[in-house]
J.: 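A single structure is presented below for examination.
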Number of protein chains: 2
Amino acid sequence: MATGRTHRPATRSRGIPEATVARLPLYLRALTALSERSVPTVSSEELAAAAGVNSAKLRKDFSYLGSYGTRGVGYDVEYLVYQISRELGLTQDWPVVIVGIGNLGAALANYGGFASRGFRVAALIDADPAMAGKPVAGMPVQHTDDLERIISDNGVSIGVIATPAGAAQQVCDRLVAAGITSILNFAPTVLSVPDGVDVRKVDLSIELQILAFHEQRKAGEDAAADDGTAAPAVAKDHRKGPDGDVPAVMPA
Amino acid sequence: MATGRTHRPATRSRGIPEATVARLPLYLRALTALSERSVPTVSSEELAAAAGVNSAKLRKDFSYLGSYGTRGVGYDVEYLVYQISRELGLTQDWPVVIVGIGNLGAALANYGGFASRGFRVAALIDADPAMAGKPVAGMPVQHTDDLERIISDNGVSIGVIATPAGAAQQVCDRLVAAGITSILNFAPTVLSVPDGVDVRKVDLSIELQILAFHEQRKAGEDAAADDGTAAPAVAKDHRKGPDGDVPAVMPA
DNA sequence: CCATCTTTGTGCACGCGTTCACAAAGACAT
DNA sequence: ATGTCTTTGTGAACGCGTGCACAAAGATGG
């Protein structure tokens, strides 16, 4: 191994499978909607339909949390909302910093989903001195120079990286050095972090490419006959974009 | 993974596992960077490090595409870029519509990652009449009334939903009815789509909640060894957090 | 109290994905 | 040509996640 690993070793997060953890927010959202409609109880079948999953899977997921249901009746909505919230750590307040206040960073700062559910945008940070002091989402943007102090003063442990790809690793390193242990990365780069730091990636480009793959397949295997094994004189010159994105359009 | 209530059995896409497809864009990005540096060949070990994955996994992934490597040498960078691009369907142009030009939609429209790699923003659509005609990312926003015509005229098959949650399903239905078969959904809702339509979800709130879960776990184990195997204690029943037995917090 | 009905919780089997480990394949030097 | 060295490609084992199917648990009614 040359570079540092970016994955946590153990999946045994107190016995709750990672796949289950990833679905808990889904359940929580559906339960919150039910709670707002004052629905007292819900069956695994109903809740599973609302969350878009299999009912057996949902029951198994809940079984990892404990036996919170009543046979013959279902689950108490309020109680389950509380239990899942507690399990996810949403009963406490999580200050979050957003680094890189460009188009995306600003949109994230304004995103309502951040403010709700226990997450609070503690600071907006950008490297551009011209941005410093400018209000975004009712909050002044602060300069990268103060990154360490901001994180320390606010006890921030979750950071969001919305910088260009080139700056992401550097920002990441500083965040980690400052005490951040969870990172949500929007930059199209693989981040290297030490053990104990969690990184989750959101990559719009990758999502689109996956869709394109399936779309191409759906579009018909009519033209899929030719394969590239006899690709004639692979073009050596590619149009290289400054930010590293090449359309890679090749002669067929 | 692809959401939606329609659990199609993956339809064994030409024998290429879904997990492999999801990693191909990652490889492609790393390869593109190598290509820009005019690196002629790369070993599976090097490329795996650059992409942040295991080298054996990478080799197995590539084996699904064919035998494109040379033993004792490695992979030809240019050739591999072409093969992966072709496999992902990036050798053709994919027109994309973005529906919901709020903060997030506008950021997406401006996002460079969209424009590159064969994706082209064909239209921006919003339900607000006040938005109609306003330029965003150098392109006039069009009204939802023309949604069907826009999709049809441009031959769009990929749609991005960046509307509020309440409007997402309705927009989704119209997109599907208009011929869209792939959807990238940013709205925090479970979308129902008919068979044959792919939906991928990007949910910032869910990502944060997953991070919070791990963060809470890390914070709660400062006293004991962080090895989870030593914590099979059945203290699950009615353990109350430091905040006591409070009813569920109800985020808006 | 007993019977019946509903729904949970879970044992089990299966399939997918990951990883190991190694033989096969080719490059390269002699 | 022959041997050595490097790296691929893959068979096989393993672990995780999923879904079925059913017994256990509790509600409900007589």
Side-chain angles (χ1 to χ4, degrees), chain A residues 1-2 5-24 26-27 31 39-49 51-77 79-80 83 210 229, chain B residues 1-3 5-24 26-27 39-49 51-77 79-80 83 210 228-229 234 236-237:
Chain A
M1 352 254 164
R5 295 258 65 91
T6 59
H7 261 299
R8 57 211 155 280
T11 329
R12 60 195 191 292
S13 318
R14 225 263 298 273
I16 300 182
E18 191 60 30
T20 295
V21 173
R23 280 188 294 268
L24 289 182
L26 220 53
Y27 302 145
L31 284 165
V39 177
T41 61
V42 64
S43 72
S44 65
E45 200 71 46
E46 294 168 322
L47 185 54
V53 301
N54 184 288
S55 68
K57 191 186 298 182
L58 178 141
R59 289 198 299 276
K60 180 149 292 192
D61 283 342
F62 285 175
S63 77
Y64 292 116
L65 306 183
S67 291
Y68 293 150
T70 304
R71 300 182 189 220
V73 176
Y75 299 92
D76 182 278
V77 172
Y79 189 57
L80 204 46
Q83 290 297 343
I210 295 173
T229 47
Chain B
M1 299 306 166
T3 45
R5 10 181 344 114
T6 57
H7 293 293
R8 58 166 172 71
T11 329
R12 205 57 294 146
S13 306
R14 193 58 177 182
I16 300 183
E18 190 61 29
T20 295
V21 173
R23 279 187 295 267
L24 289 182
L26 220 53
Y27 303 144
V39 177
T41 61
V42 65
S43 71
S44 64
E45 200 70 46
E46 293 168 321
L47 184 53
V53 301
N54 185 289
S55 69
K57 190 186 297 184
L58 179 141
R59 287 199 300 276
K60 179 143 290 194
D61 283 343
F62 285 176
S63 78
Y64 292 117
L65 307 182
S67 291
Y68 294 149
T70 303
R71 299 179 191 226
V73 176
Y75 299 92
D76 183 277
V77 171
Y79 188 58
L80 204 45
Q83 289 297 344
I210 295 173
T229 47
V234 288
K236 171 155 285 287
D237 300 306

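Quick note on labels: first sequence line is chain A, next is B, and so on, each numbered from 1.
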J.: Is the shortest side-chain heavy-atom distance between A:Tyr27 and A:Leu65 below 4.5 Å?
T.: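 No - every pair of side-chain heavy atoms lies 4.5 Å or more apart.
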
J.: If the condition is side chain to side chain donor-acceptor pair (under 3.5 Å), which residues does A:Ser43 pass it with, not counting sequence neighbours?
T.: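 Applying side chain to side chain donor-acceptor pair (under 3.5 Å) to A:Ser43 gives A:Glu46.
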
J.: Partners of B:Thr20 by side chain to side chain donor-acceptor pair (under 3.5 Å), sequence neighbours excluded?
T.: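 Counting only residues at least two positions away or on another chain, B:Thr20 forms a side chain to side chain donor-acceptor pair (under 3.5 Å) with B:Asp61.
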
J.: Starting at CG of A:Asn54 and ending at P of C:dT10, how long is that distance when rounded to a whole Å?
T.: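 So the CG-P distance, A:Asn54 to C:dT10, works out to 17 Å.
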
J.: Is the B:Tyr79-B:Tyr68 ring centre distance short of 6.0 angstrom?
T.: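 Yes.
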
J.: In whole angstrom, what separates B:Glu18's CD from C:dT18's P?
T.: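 In whole Å, C:dT18 P lies 12 Å from B:Glu18 CD.
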
J.: Can you check side-chain contact (heavy atoms from CB on, under 4.5 Å) on A:Arg23 and A:Val53, steps first, answer last?
T.: CA-CA 9 Å; A:Arg23 280 188 294 268; A:Val53 301; 4.1 Å; yes

J.: For nucleotides 4-10 of chain D, which of its nitrogen or oxygen atoms have a protein nitrogen or oxygen under 3.5 Å away, and what is each distance?
T.:
{"residue": "D:dT7", "atom": "O4'", "partner": "B:Gly72", "partner atom": "N", "Å": "3.0"}
{"residue": "D:dT8", "atom": "OP1", "partner": "B:Ser44", "partner atom": "N", "Å": "2.6"}
{"residue": "D:dT8", "atom": "OP2", "partner": "B:Ser44", "partner atom": "OG", "Å": "2.6"}
{"residue": "D:dT8", "atom": "O2", "partner": "B:Arg71", "partner atom": "NH1", "Å": "2.8"}
{"residue": "D:dG9", "atom": "OP1", "partner": "B:Gly69", "partner atom": "N", "Å": "3.0"}
{"residue": "D:dG9", "atom": "OP2", "partner": "B:Tyr75", "partner atom": "OH", "Å": "2.7"}
{"residue": "D:dG9", "atom": "O4'", "partner": "B:Arg71", "partner atom": "NH2", "Å": "2.9"}
{"residue": "D:dG9", "atom": "N7", "partner": "B:Arg59", "partner atom": "NE", "Å": "2.9"}
{"residue": "D:dG9", "atom": "O6", "partner": "B:Arg59", "partner atom": "NH2", "Å": "3.2"}

J.: A:Leu58 CG to D:dC20 P: how many Å, rounded?
T.: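 It works out to 14 Å between those atoms.
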
J.: Provide, to the nearest angstrom, the distance between the NZ atom belonging to A:Lys57 and the P atom belonging to C:dG9.
T.: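 Interatomic distance, NZ of A:Lys57 to P of C:dG9: 18 Å.
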
J.: Can you name the closest pair of heavy atoms from B:Pro17 and B:Gly15 and give their distance?
T.: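 Minimum heavy-atom separation between B:Pro17 and B:Gly15: CD-O, 3.2 Å.
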
